There are 2 protein chains.
Amino acid sequence: MALTKADREILKLMQQDATITLNELAERVGLSPSSAQRRLQKLREDRVILRDVSIVDPKKVGTAVSMLVEVELERDRPELMPPFLRWLADTPEVQEAWGTSGRGDFTLVILVQSVEHFDVLADRMMEMNPNIRKFTTSVVLKTLKRTLAVHVE
Amino acid sequence: MALTKADREILKLMQQDATITLNELAERVGLSPSSAQRRLQKLREDRVILRDVSIVDPKKVGTAVSMLVEVELERDRPELMPPFLRWLADTPEVQEAWGTSGRGDFTLVILVQSVEHFDVLADRMMEMNPNIRKFTTSVVLKTLKRTLAVHVE
DNA sequence: GATGAAAAGTAGTGACC
DNA sequence: GGTCACTACTTTTCATC
């Protein structure tokens, strides 16, 4: 499943604006609309493009506090790992979660309406996950950049 | 610019799948297609919805190493702040960047093809930004969740 | 095996109620 | 906010390279 130059161009453009029409897309990558459409369809079939989503401004819907949370788990309780993963998946305030090397075991990006909401959430997190040894929180003062766009050569 | 119940439903659905048709959307929020369209249009005009983008699987395009980087800046060189912000904006490998309280001043999410690429990038970062006092790097071992979706009540 | 042109089908838009 | 007519976009077909 090698990517052509046109494929890469399509990915670049679609990551910027997925509402672009096939005519525009075709023109900008130097293909006919039907060819562009077929390439795009194949990129979706091959799961290179996973999905298209709208990006919502948190401030406009009343959720404006982001937190970076580093969580350290008890390593000797592996049976509590699946519930923790499920908690991450099921908690919509958790936007992102990575398992990392280094200091903390996990780093989470959490988006809530207020610090009070975070407090409640953190309490619930500890309550539901007794394998959390400790966690440290950084308040986001300023979001400078936010994209899931992948740099395509 | 108060959000109606239908608006919130629209945001929820569009954050999951922005390729949904107006007919589907209308049906699921209990409006006519043209009403749904008008609400959607207004959400875009009011910049509640900022844009629509395709989500690309990094593994499928050969970029598969994520790093979390905490950067600490010299506080007494404010004139070097704008260049740093420009570097963040102009470097496509930097997916996300926050200014935070707590230990580090800034936290970055960086996506590269390999650790070797990260090395080159980190060197360049230090070279171009002499106000970086130090930085610490965590390698992402596992990405558990990744979304920019905002939880809409 | 993929492309482009053109036809057929579907979805989005805007005027009107 | 809903209905309808119009326009634009997407998808398929078909011939071609």
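It should be emphasised that the depicted structure is a prediction, and the values quoted were computed from it without experimental measurement. Quick note on labels: first sequence line is chain A, next is B, and so on, each numbered from 1.
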**Q** What do you reckon, are the aromatic ring centroids of B:F84 and B:F106 less than 6.0 Å apart?
**A** yes

**Q** Please collect all salt bridge (Lys or Arg N to Asp or Glu O under 4.0 Å) contacts where either partner lies in residues 144-153 of chain A, sequence neighbours excluded, each pair once.
**A** A:E96-A:R146, A:R146-B:E96

**Q** How many Å lie between CD on A:Q37 and C1' on D:dT12, as a whole number?
**A** 9 Å

**Q** One thing to verify: whether B:R86 and B:D90 come together as a salt bridge, which I'm taking to mean a side-chain N less than 4.0 angstrom from a carboxylate O.
**A** no

**Q** Expressed as a whole number of angstroms, how long is the span from B:R44:CZ to C:dG12:C1'?
**A** 11 Å

**Q** Whole Å only: how far is the CG atom of B:L40 from the C1' atom of D:dG1?
**A** 16 Å

**Q** Of the candidate nucleotides C:dT13, C:dA6, C:dT3, which contains the atom at the shortest distance from the side chain of B:L22?
**A** C:dT13

**Q** Let me know the distance between CD of B:Q41 and P of C:dG14, rounded to the nearest Å.
**A** 6 Å

**Q** In whole Å, I'd like the distance from the CD atom of A:E24 to the C1' atom of D:dA8.
**A** 12 Å

**Q** Picking from C:dG4, D:dT3, D:dG1, which would you name as closest to the side chain of B:S34?
**A** D:dT3

**Q** Between B:N129 and B:L80, is there a side-chain heavy-atom distance shorter than 4.5 Å?
**A** no

**Q** Examine distances only and state if a side-chain atom of A:E93 and a backbone atom of A:L121 form a donor-acceptor pair shorter than 3.5 Å.
**A** no

**Q** Side-chain N or O of A:R39 versus OP1/OP2 of C:dT3: is the shortest distance under 4.0 Å?
**A** yes

**Q** What are the two closest non-hydrogen atoms of B:D46 and A:K60, and how far apart are they?
**A** O-NZ, 2.9 Å

**Q** Please state how far atom CG in B:N23 lies from atom C1' in D:dG2, giving the value in whole angstrom units.
**A** 13 Å

**Q** Round to a whole Å and report the spacing from CD1 of B:I20 to P of C:dT10.
**A** 18 Å

**Q** Just how large is the angle between the end axes of the helix from C:dG1-D:dC17 to C:dC17-D:dG1, five pairs per end, to 10 degrees?
**A** 30°

**Q** At 4.0 Å (heavy atoms only), tell me whether A:T21 reaches a base, stays on the sugar-phosphate, or touches nothing.
**A** sugar-phosphate

**Q** Using whole Å, what does the distance between atom C1' of nucleotide D:dT11 and atom CZ of A:R38 come to?
**A** 10 Å

**Q** Can you name the closest pair of heavy atoms from A:L43 and A:D7 and give their distance?
**A** CD1-O, 4.1 Å

